[in-house]
J.: 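My questions all concern the structure below.
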There are 2 protein chains.
Amino acid sequence: MVEKSPQQRYGTRPTMKDVAARAGVGLKTVSRVVNGEPGVTPDTERRVRDAITALGFRRNDSARILRKGRTASIGLVLEDLADPFYAPLNRAVEEVARAHGALLINGSSAEDAERERELALAFCARRVDGLIVIPAGSDHRYLEPEIAAGVATVFVDRPAGLLDADVVLSDSFGGAREGVAHLVAHGHRRIGFLGDQPHIHTATERLRGYRAAMADAGLPVDDAWVSLGTTAPERVRREAERMLGGPRPVTALFAGNNRVTVTVVRVLATARRPVALVGFDDFELADLLSPGVTVVAQDAARLGRTAAERLFRRLDGVLEPPRRVELPTRLVVRGSGELPPAEG
Amino acid sequence: MVEKSPQQRYGTRPTMKDVAARAGVGLKTVSRVVNGEPGVTPDTERRVRDAITALGFRRNDSARILRKGRTASIGLVLEDLADPFYAPLNRAVEEVARAHGALLINGSSAEDAERERELALAFCARRVDGLIVIPAGSDHRYLEPEIAAGVATVFVDRPAGLLDADVVLSDSFGGAREGVAHLVAHGHRRIGFLGDQPHIHTATERLRGYRAAMADAGLPVDDAWVSLGTTAPERVRREAERMLGGPRPVTALFAGNNRVTVTVVRVLATARRPVALVGFDDFELADLLSPGVTVVAQDAARLGRTAAERLFRRLDGVLEPPRRVELPTRLVVRGSGELPPAEG
DNA sequence: TAGAGCCTGGACAACGTTGTCAACTCTGGG
DNA sequence: CCCAGAGTTGACAACGTTGTCCAGGCTCTA
């Protein structure tokens with residue numbers, strides 16, 4: 001079906017001009033057919049369509065975008081495309097975008113502020129209509145010119161730094177507080193907290209929730225029971241083993257996110273005595289482990305959907321001050337949080 | 001830092017022309033500064049940079065792409081952004097693209113041929129330099145004009161339909177054969193096969209591997225032991241329960257992919273007697289279940305990396321006939337496949 | 001001091017599309 | 001038979017960038 005005339009070099013695409021020439025019509029008529037605009041006789045349309053098929057023409061969206069100004073695409077900067085927590089968020093954003101006829105461009109910041117910036121600005125150079133960002137950095141003023149220029153921007157999972165913008169997050173503080181309270185309710189007094197790096201908003205919020213729950217119960221918190229840092233398995237393992245050893249070992253652990261929880265589960269699988277565990281974030285198969293892992297679940301897909309919907313409402317021209325939306329978490333009780341503290 | 005002159009309406013971006021006017025230089029000089037081209041005195045450069053900052057200018061990549069022809073971006077069509085099997089593949093492709101200075105655009109086909117087509121063609125309209133596709137449909141001739149026009153195209157995980165193109169896959173046949181042989185070696189004679197839909201290449205390949213292993217051992221295969229269809233939990237559960245019941249129940253199951261395996265694990269968790277299981281695809285925490293789930297592991301990240309590298313080699317101008325790369329699988333023994341057949 | 005050669009800067013066209021607007025054809029009524 | 005009006009069609013400019021090419025000013029040498 002696709003002809004290759006000698007003069008049409010490999011790698012050179014036919015344009016509307018070529019189609020017009022072949023169909024014996026004007027350039028604008030081709031444009032009309034391609035865009036389904038009215039005012040073309042069926043006969044002409046057929047001739048144009050034949051030429052399009054014969055030449056293998058496809059409209060060049062770059063030119064179209066340049067002319068029209070809108071790209072019908074949005075950008076999503078997240079931490080890691082492969083993280084099972086962000087994957088559903090990503091997919092949810094994609095679905096909302098699709099429903100609005102927009103394409104999604106995304107990228108992983110790898111928890112690196114500079115890389116987040118590069119990605120976000122690259123998306124802006126592509127003239128995305130809107131931007132959804134899961135912040136890695138703590139200063140987002142670099143986006144000010146973009147926002148001023150009309151790029152709708154919504155932050156998810158963590159608030160923007162030094163910038164007043166829409167944000168959608170989970171109730172990290174409340175969720176952690178509830179999770180830790182659950183451990184307290186089952187008799188635990190020495191509870192460890194293993195969280196993500198301290199510059200990450202959710203990490204400190206969850207730590208705050210932990211401290212609040214301990215304070216609520218009138219329990220002291222030993223510095224040795226708290227550890228923030230990377231979620232690298234080696235570090236988490238080392239810290240967990242430290243908290244579980246020594247003269248005053250913890251009898252329960254609260255894990256600050258899904259990555260940490262998984263590593264802690266592995267550590268506990270080889271522990272001498274049962275240790276209670278509650279983790280932030282739900283994960284697949286948590287119910288099939290023995291005991292099932294009690295978690296503070298947040299709905300990642302809903303986070304993504306909410307953020308994307310907010311973005312498109314902005315794109316539809318809704319003008320209102322930036323809003324902070326906080327979604328509730330849900331304690332899912334499965335057994336690991338109900339273990340009583342071993343005598344120590 | 002960003003000035004808003006009255007005539008600069010909200011939503012209107014400054015262009016190089018504006019920057020040039022403000023800096024009191026020519027248009028091309030701005031272009032030179034923005035692109036780091038030589039031939040600009042330090043003083044002029046500084047004036048231009050000041051103007052850029054003051055106006056909040058950002059180059060419009062659509063115009064740039066239109067002019068240059070290359071977009072420095074590639075498209076990835078996969079089945080589901082949120083599928084834990086494809087997520088690492090996605091990430092691996094992203095990393096390779098990043099290393100080559102390219103942006104990644106991706107989308108979920110949701111296992112729908114029409115949607116796959118829409119996405120792939122939308123990417124082509126955006127003039128991606130290359131395309132990586134995990135096929136959902138079985139006829140990819142619609143890509144012929146694009147390939148002829150120079151869009152490098154590599155298929156992953158499943159071969160293209162009716163099109164001669166590069167493809168990178170796992171050894172589904174060999175992997176399944178090895179997995180089923182493992183069950184046979186542990187004394188199983190009645191082994192069930194639960195796989196994905198029959199129009200999916202990997203599903204039938206794995207079934208073929210199952211039949212080969214059974215034939216190798218001289219074992220008959222009862223039609224009732226084989227079930228292909230959607231990976232929806234309800235269907236898998238129903239079929240698994242059917243195979244486990246009746247007068248001649250299976251004593252072991254081979255699960256055709258990660259989604260199926262997970263559902264089967266849930267079914268077996270409530271089974272009256274132990275049933276052996278081997279699954280295709282590794283998954284997180286498989287080792288922590290009891291018993292640990294023996295799997296035929298494939299390296300999704302390596303699939304993605306290999307495909308992306310092949311793509312960029314094509315983009316670098318390597319001309320050679322399309323190649324089929326088959327990556328080996330690895331049997332990971334964890335216990336669930338070693339259960340002996342219960343007396344029945 | 002004049003000429004050659006280099007360095008810097010800018011005018012202009014082109015990329016492929018769409019919006020504007022004017023011109024053309026055809027129909028039907030007066 | 002002519003004209004109004006509706007329905008088609010196409011010429012042209014513009015979107016913002018980059019490649020080409022030329023002009024002007026400078027330095028260096030003879």
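As the structure is a prediction and not an experimental result, all values here were calculated from the model. By convention in this document, chain letters (A, B, ...) are assigned in the order of the sequence lines, proteins followed by strands, and residues within each chain are numbered from 1.
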J.: Partners of A:E114 by side chain to side chain donor-acceptor pair (under 3.5 Å), sequence neighbours excluded?
T.: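 Once residues adjacent in sequence are excluded, A:E114 has no partner under the side chain to side chain donor-acceptor pair (under 3.5 Å) criterion.
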J.: Sorted by first residue and then second, give each salt bridge (Lys or Arg N to Asp or Glu O under 4.0 Å) pair with at least one member in residues 123-138 of chain B; sequence neighbours left out.
T.: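 For residues 123-138 of chain B, and leaving out neighbouring residues, the salt bridge (Lys or Arg N to Asp or Glu O under 4.0 Å) pairs sorted by first residue read A:D61-B:R126.
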J.: B:H100: which residues meet the side chain to side chain contact (heavy atoms under 4.5 Å, CB included) condition with it, sequence neighbours left out?
T.: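 Per chain and number, B:H100 pairs via side chain to side chain contact (heavy atoms under 4.5 Å, CB included) with B:V96, B:F312.
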J.: Going by salt bridge (Lys or Arg N to Asp or Glu O under 4.0 Å), name the pairs with one or both residues in residues 69-82 of chain B, residues two or more places apart or in two chains.
T.: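 Listed once each, the pairs are A:R91-B:D80.
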J.: Determine, for nucleotides 6-16 of chain D in 5'-to-3' order, which nucleotides have protein heavy atoms under 4.0 Å from the base (write B), from only the sugar-phosphate (write S), or from neither (write -).
T.: --SBBB-BBBB
J.: Tell me: CD of B:E37 to C1' of C:dG9, nearest whole Å?
T.: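 One finds 13 Å between C1' of C:dG9 and CD of B:E37, rounded.
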J.: Any side-chain N or O of B:S31 less than 4.0 Å from the OP1 or OP2 oxygen of D:dT18?
T.: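 Yes, such a contact exists.
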J.: Quick one: side chain to side chain contact (heavy atoms under 4.5 Å, CB included) partners of A:D316, sequence neighbours excluded?
T.: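 Scan of A:D316 (side chain to side chain contact (heavy atoms under 4.5 Å, CB included), adjacent residues dropped) gives none.
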J.: Answer yes if the side chains of A:S108 and B:E94 hold a donor-acceptor pair under 3.5 Å, and no otherwise.
T.: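 There is such a pair between these side chains.
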J.: List for me each residue that meets side chain to side chain donor-acceptor pair (under 3.5 Å) alongside B:N90, sequence neighbours excluded, and say none if there are none.
T.: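 Here the qualifying residues are B:N106.
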J.: What's B:D61 touching, base or sugar-phosphate or nothing? Going by heavy atoms closer than 4.0 Å.
T.: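 Counting heavy atoms under 4.0 Å across all strands, no contact is made by B:D61.
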J.: Of all residues at least two apart in sequence or in a different chain, which pass the ring-ring contact (aromatic ring centres under 6.0 Å, His included) check with A:Y86?
T.: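 Per chain and number, A:Y86 pairs via ring-ring contact (aromatic ring centres under 6.0 Å, His included) with no residue.
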J.: Please enumerate all protein N or O atoms sitting under 3.5 Å from an N or O of nucleotides 24-26 of chain D, with distances to 0.1 Å.
T.:
none

